[in-house]
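Each remark here refers to the structure printed beneath this line.
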Amino acid sequence: MTHPAIVKDRVAVVTGGASGIGLAAARRFGAAGMKVLVVDRPGAALDEAVARLVAEGIAATAAPADLRDRAQLAAVKAQADRLGPVGVLMLNAGREGGGGLLAGEEVWRATLETNLWGVLHGLQLFLPDLLASGLPGAVVVTGSKQGITLPPGDTAYNVSKAALKALTESLSHDLVKATGGRVTAHLLIPGFTYTGFTRAKGVEEKPAGAWTPDQVVERLDEEMARGTFYILCPDNEVDRATDLKRMRWAAADIVENRPALSRWHPDYADAFATYMRDGG
């Protein structure tokens, strides 16, 4: 079983497609017979990724673009239109913020303009034709568990991914009203995955606790076929039950009137440990 938008000769547009989860998704869609438009920043990484896909027999085309620039993404849209009707739009490109609340404006702008505005540009440019086509379609947005539980540290990244969660939830609701389920939205929520982000930190081999991008995309494919919106991926360290317990605790901060991010608050350390140990 597969999602009805994943059809031979239709187009899959994948941003951040030159590496990691994006490249694995491009390969998966291409193996299903789709024409794949691989969108990423111009350079050797994009060229090499597309060359590898083509060598595997996939109809892949490079679309160099900086997603912060709406005009460049509009050019990607025109390129996609020349290939055929778009079936899958996967807005996956992102960057780690690298800063707390007092990080410089340049850090915040680069993070939000890539992680949030890049997705919003993509939705506004591609959605009208997906809605008008009369064909099945799917929009996948790559979020993060950090956008749900908000662990202290990389505040800019957390804010961008929390915004994506809200944006994609609203998108899903609007698509149900507009298409009755013909075009679907999916929020991909990876666990610990060995990608370029990990390698950039000096980790040369996949940690035992991490999933591979192929594992994430296999789960994505399965859950898209089921119509799942929140595609929550475990990894080799954290299972689904643990993720759900952490998320329930975070949501209960409001219900129980606890301090913000009480999971990390010193006055609640023992209560959280007991909650996790005793099953919530």
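Minimum interatomic distance between Ala18 and Asp40 (heavy atoms only, all atoms of both residues): N-OD2, 3.0 Å. Contact between Gly143 and Pro190 at its shortest, heavy atoms only, is O-CD, 3.6 Å. Shortest non-hydrogen contact noted between Gly191 and Lys145 is CA-NZ, 3.5 Å. In terms of heavy atoms, Ala5 sits closest to Ala138 at CB-N, 3.9 Å. In plain terms, the two heavy atoms of Leu91 and Gly122 that are nearest each other are CD2-CA, 4.2 Å. What you find for Arg182 and Ser133 is that their closest heavy atoms are NH1-OG, 3.8 Å.
Taking OG1 of Thr142 as the reference point, atom CD1 of Ile189 lies at 10.5 Å (rounded to 0.5 Å). Interatomic distance, OG of Ser262 versus CG of Asp253, reported as 3.5 Å (0.5 Å rounding). Between the NE2 atom in His186 and the CZ atom in Arg226 there is a gap of 12.5 Å [rounded to 0.5 Å]. To the nearest 0.5 angstrom, Arg219 atom CZ is 14.0 Å from Asp214 atom CG. The structure places CG of Leu220 at 5.5 Å from CZ of Phe29, a figure rounded to the nearest 0.5 Å. Taking NZ of Lys245 as the start and CG of Asp239 as the end, the distance is 8.5 Å to the nearest 0.5 Å.
Ring centers of Trp211 and Phe192: at least 6.0 Å apart, outside the cut-off.
Although no hydrogens or angles enter the test, the distance criterion places no donor-acceptor pair under 3.5 Å between the side chain of Tyr157 and the main chain of Ser144. Arg10 places a side-chain N or O within donor-acceptor distance of the main-chain N or O of Pro136, the cut-off being under 3.5 Å. Thr228 places no side-chain N or O within 3.5 Å of a backbone atom of Met224 that could act as its donor or acceptor partner. One N or O on the side chain of Gln215 and one on the backbone of Thr212 form a donor-acceptor pair closer than 3.5 Å. Here the side chain of Glu223 pairs no donor or acceptor atom with the backbone of Cys233 at under 3.5 angstrom. Between the side chain of Ser172 and the backbone N or O of Thr168 there is no donor-acceptor pair closer than 3.5 Å. Using modelled atom types, no side-chain atom of Lys165 and backbone atom of Gly147 make a donor-acceptor pair closer than 3.5 Å.
Counting only heavy atoms from C-beta outward, the side chains of Val159 and Trp108 approach each other to under 4.5 Å. When side chains are defined from C-beta on, Ile6 counts as touching Val88, because their heavy atoms get closer than 4.5 Å. When side chains are defined from C-beta on, Arg258 counts as touching Tyr268, because their heavy atoms get closer than 4.5 Å. Between Asn236 and Lys206, some side-chain heavy-atom pair lies under the 4.5 Å cut-off. Looking at heavy atoms from C-beta onward, Val14 lies out of side-chain contact with Arg28 at the 4.5 angstrom threshold. Proximity of Val119 to Asn115: side-chain heavy atoms (C-beta onward) are nowhere separated by under 4.5 Å. In this structure, Met34 and Val7 have side chains that are not in contact, with every pair of non-hydrogen atoms separated by 4.5 Å or more. Inter-residue side-chain proximity for Leu187 and Ile231 is flagged as unmet; no heavy-atom pair is nearer than 4.5 Å.
No donor-acceptor contact under 3.5 angstrom links the side chains of Trp249 and Thr149, judged on distance only. In this structure, a donor-acceptor pair under 3.5 Å is present between the side chains of His3 and Thr184. A donor atom on one side chain and an acceptor atom on the other are not found under 3.5 Å apart for Asn92 and Thr15. If you check the side chains of Tyr230 and Glu169, you find a donor sitting under 3.5 Å from an acceptor.
For His173, the NE2 atom counts as loosely surrounded, since its 6.0 Å shell holds 12 or fewer non-hydrogen atoms of other residues, nucleotides or ligands. In the displayed structure, Asp267 atom CG is contacted under 6.0 Å by more than 12 heavy atoms of other residues, nucleotides or ligands.
The only option from Arg70, Glu113, Lys77 that meets the side-chain hydrogen bond (donor to acceptor under 3.5 Å, both in side chains) definition with His121 turns out to be Arg70. Here the rule is side chain to side chain contact (heavy atoms under 4.5 Å, CB included) with Leu37, and of Leu89, Thr61, Val86 only Thr61 fits it. For the side chain to side chain contact (heavy atoms under 4.5 Å, CB included) criterion with Leu171, the lone passing option out of Asp174, Leu175, Leu167 is Leu175.
Residues Val216 and Val238 fall into different hydrophobic clusters, defined by Ile, Leu, Val, Met, Phe, Trp and Tyr side chains chained together at heavy-atom separations under 4.5 Å. One hydrophobic cluster, built from ILVMFWY side chains closer than 4.5 Å, cannot hold both Leu188 and Met247; they sit in different ones. There is a path of hydrophobic side-chain contacts, each under 4.5 Å, that joins Val76 to Leu120. A continuous path of hydrophobic side-chain contacts links Phe229 to Val183 [ILVMFWY only; heavy atoms under 4.5 Å]. Hydrophobic clustering, with ILVMFWY side chains joined whenever heavy atoms are under 4.5 angstrom apart, groups Leu116 together with Phe126.
Judged by the 6.0 Å and 45° rule, Arg109 forms no cation-pi pair with Trp117.
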>> Between Thr155 and Asn158, is the side-chain hydrogen bond (donor to acceptor under 3.5 Å, both in side chains) condition met? List the steps.
In response: CA-CA 5 Å; Thr155 309; Asn158 290 355; 5.6 Å; no

>> Apply side chain to side chain contact (heavy atoms under 4.5 Å, CB included) to residues Leu46 and Arg41 and explain how you reach the verdict.
In response: CA-CA 7 Å; Leu46 175 59; Arg41 287 177 294 183; over 6 Å; no

> Given the rule in the side chain to side chain contact (heavy atoms under 4.5 Å, CB included) test, do Arg27 and Val217 qualify, once you have shown the distances and angles that lead to the verdict?
Replying inline: CA-CA 10 Å; Arg27 180 174 286 112; Val217 170; over 6 Å; no

> Would Arg240 and Leu244 satisfy side chain to side chain contact (heavy atoms under 4.5 Å, CB included), going step by step from the backbone distance to the final call?
Replying inline: CA-CA 6 Å; Arg240 179 179 177 85; Leu244 294 179; 3.9 Å; yes

> Can you list the steps and then say if Val141 with Met90 is a side chain to side chain contact (heavy atoms under 4.5 Å, CB included)?
Replying inline: CA-CA 6 Å; Val141 175; Met90 183 169 179; over 6 Å; no

